[in-house]
Amino acid sequence: MAGSVSRRGFLGGAAAASVAGTVAWAPGRAWADPVPPARIRLSVNGKPYELDADPGVTLLDALRERIGLTGTKKGCDRGQCGACTVHVDGRRVVSCLTLAITCVGKNVTTIEGIADGDALHPVQQAFVDCDGFQCGFCTSGQIMSAVEVVSDRSVHTDDDIREAMSGNICRCGAYSNIVDAVKQARGEK
Amino acid sequence: MRGFGYGAAASVRQALTQGGDGTSYLAGGTTLVDLMKLEVMTPAHVVDINSLPLRGIQCTPAGLRIGALERMADVAVHHEVASRWSMVATALRLSASPQLRNMASIGGNLLQRTRCDYFRDVRMPCNKRKPGSGCPAVNGANRTHAVLGTSASCVATHASDLAVALVALDASIRLQDRHGQRVVRLADFYRLPGDTPAVENQLRPGELITEVIVPACDWPQAYVKVRDRTSYEFALASAAVAVDVHRGVVRDARIAVGGVGTRPWRLPATEEALRGKPATEESYLEAAKLAVVGAKPLGDNAFKLPLVQRTIARALAGAR
């Protein structure tokens, strides 16, 4: 639609405007004695990306603010909520406590990278089928965790699933449906 | 986060060359990056050590060796660790979250900092973070704080579960710096806060933990962790035990507790009191009373005294 402004585009523009009028600041930027940015080459969902960033830039901020993959969410930004869960070399990690520069030469997978074209990943489909979310803010992280959990052979019972998913907080309280979604994706429902 | 210089070390020698005052080693980053964001830690340089060959989990009849860069998740599910050092595997499995266990290294776990909210908040005084500034926890919000090993300067709890199990097992760590290597018993590595709570352990500037050395222990073991919620939470009280029972009588025991001390807390008096006693809940609870001799409860954490005794008794009864 001509002249329409997306919510994301609007917010992004507003943020840029406010920064221009004040002191330039970016996550990881020193306010004294700046360190020259490093060239960081990342492989995300099989595609190469190159960015110049301070070594303090987290993988989360690199994905969202620099690469434009905003499916990964910033919740607590302190490694406590799991909303920012992504896979690095096939293992789930919290991207808010991962420095982007440490991911050079590794394969990063985000929520944008698990579907096969228009076909949802079985875990994504299970979350839809089981209503495994309400507001949806934690869902990317929940799904990235669940992708690891469905192939974990040490997980057997509902309690095992809850424990294995305990690094992902859902403040809406969709937990019981999330357990159902994990079970469906494991082929148990 | 303050700006810092970053380098990745390709060898132990290179890392040790780059290490020193003002430099932090980066392994999993789950403590360091968190505390750098909070500006509790402000290193001028960060040396990424993840490429160093400090890996491997070796089980021999004499014991277990774990490379310092092994990840918590991998050690927790290692078959022989889980069967021969079950308290280690359990302590790891009950730590943090699956994501953090995938990231955090064994060496980093042993060097993690306290969860004291005053320590983590740079607006607050804290003798550990800023020597001489004071300790608001002594008369403040101290429900999660220590009751053993505290001083007027610091009452912060040591946060590691793994360290509690390793202290119970008489484990040691190998340390390396530019001048050479040394092996230190983990129980001796951690220091009491005293008047200098900022000095938490024997680690020298630029020194690396390279491996953890755990003696064999074929006695039944348990690690019991009691916390405010079932998962993903630090201990209010925990107990790591190994107990040798023969014909219903305790021959020997090794016991350490967590969540209650300023460092992982070994309990030699409780161990001694158990020797020769019947392996019953009654004698476990009787011996556990000695765990809190000298304990100093604060305003909000007196509940930890009975809690830790019952945690010890439950661990002893549940050792497998």
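All of these numbers come straight from a predicted model, not from anything done at the bench. Order of the sequence lines sets the chain letters (A, B, ...), proteins ahead of strands, with each chain counted from 1. The analysis underlying the following values was restricted to heavy atoms, covering all of them including side chains, and did not include hydrogens, waters or symmetry mates.
When all heavy atoms of A:Asp77 and B:Lys37 are compared, the pair lying nearest together is OD1-NZ, 2.8 Å. When all heavy atoms are compared, the tightest approach of A:Glu163 to B:Ser231 is OE1-OG, 2.5 Å.
For the atom pair CG (B:Leu100) and CG (A:Leu97), the distance works out to 6.5 Å, reported to the nearest 0.5 Å. To the nearest 0.5 Å, atoms OG1 (A:Thr98) and CE (B:Met103) are separated by 3.5 Å. Taking CG of B:Asn50 as the reference point, atom NZ of A:Lys106 lies at 5.5 Å (rounded to 0.5 Å). Note that OG1 of B:Thr230 and CZ of A:Arg162 are 10.0 Å apart. Values are rounded to the nearest 0.5 Å. Interatomic distance, B:Ser97 OG to A:Arg92 CZ, rounded to the nearest 0.5 Å: 7.5 Å. Here the CG atom belonging to A:Asp61 is positioned 9.0 Å from the CE atom belonging to B:Met1, to the nearest 0.5 angstrom.
For B:Ala73, the part sitting under 4.5 Å from any heavy atom of chain A is the side chain, from C-beta outward, and nothing else. Interface residue A:Gln80: backbone and side-chain heavy atoms are both found under 4.5 Å from chain B. Interface remark: A:Thr85 contributes side-chain atoms only to the contact with chain B (heavy atom separation under 4.5 Å).
Side-chain contact between A:Ser145 and B:Pro98: absent, with no pair of heavy atoms (C-beta onward) separated by less than 4.5 Å.
For B:Arg71, the CZ atom is densely surrounded, since the number of other residues' heavy atoms within 6.0 Å is greater than 12. Within a 6.0 Å radius of CZ in A:Arg41, no more than 12 heavy atoms belonging to other residues, nucleotides or ligands are found. The number of heavy atoms from other shown groups lying within 6.0 Å of CG (B:Asp228) is above 12. By the 6.0 Å contact criterion, CZ on B:Arg13 is open, its count of non-hydrogen atoms from other residues, nucleotides or ligands being 12 or less. Within a 6.0 Å sphere centred on NE2 of A:His121, heavy atoms belonging to other residues, nucleotides or ligands number more than 12. Heavy atoms from other residues, nucleotides or ligands lying under 6.0 Å from CG of B:Asn201 number more than 12.
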Under the side chain to side chain contact (heavy atoms under 4.5 Å, CB included) rule, what do B:Tyr6 and A:Asp54 come out as? Steps first, then yes or no, please. CA-CA 9 Å; B:Tyr6 171 90; A:Asp54 293 343; over 6 Å; no

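The pair A:Arg91-B:Asp74 meets the salt-bridge criterion, with a side-chain N (NZ, NE, NH1 or NH2) lying under 4.0 Å from an Asp/Glu carboxylate O.
Comparing A:Val149, A:Ile169, A:Ile101, A:Leu99 by heavy-atom pairs within less than 4.5 Å of chain B, the highest count is held by A:Ile101. Annotation: maximal heavy-atom pairing with chain A below 4.5 Å, among B:Leu26, B:Leu32, B:Asp34, B:Thr30, occurs at B:Asp34.
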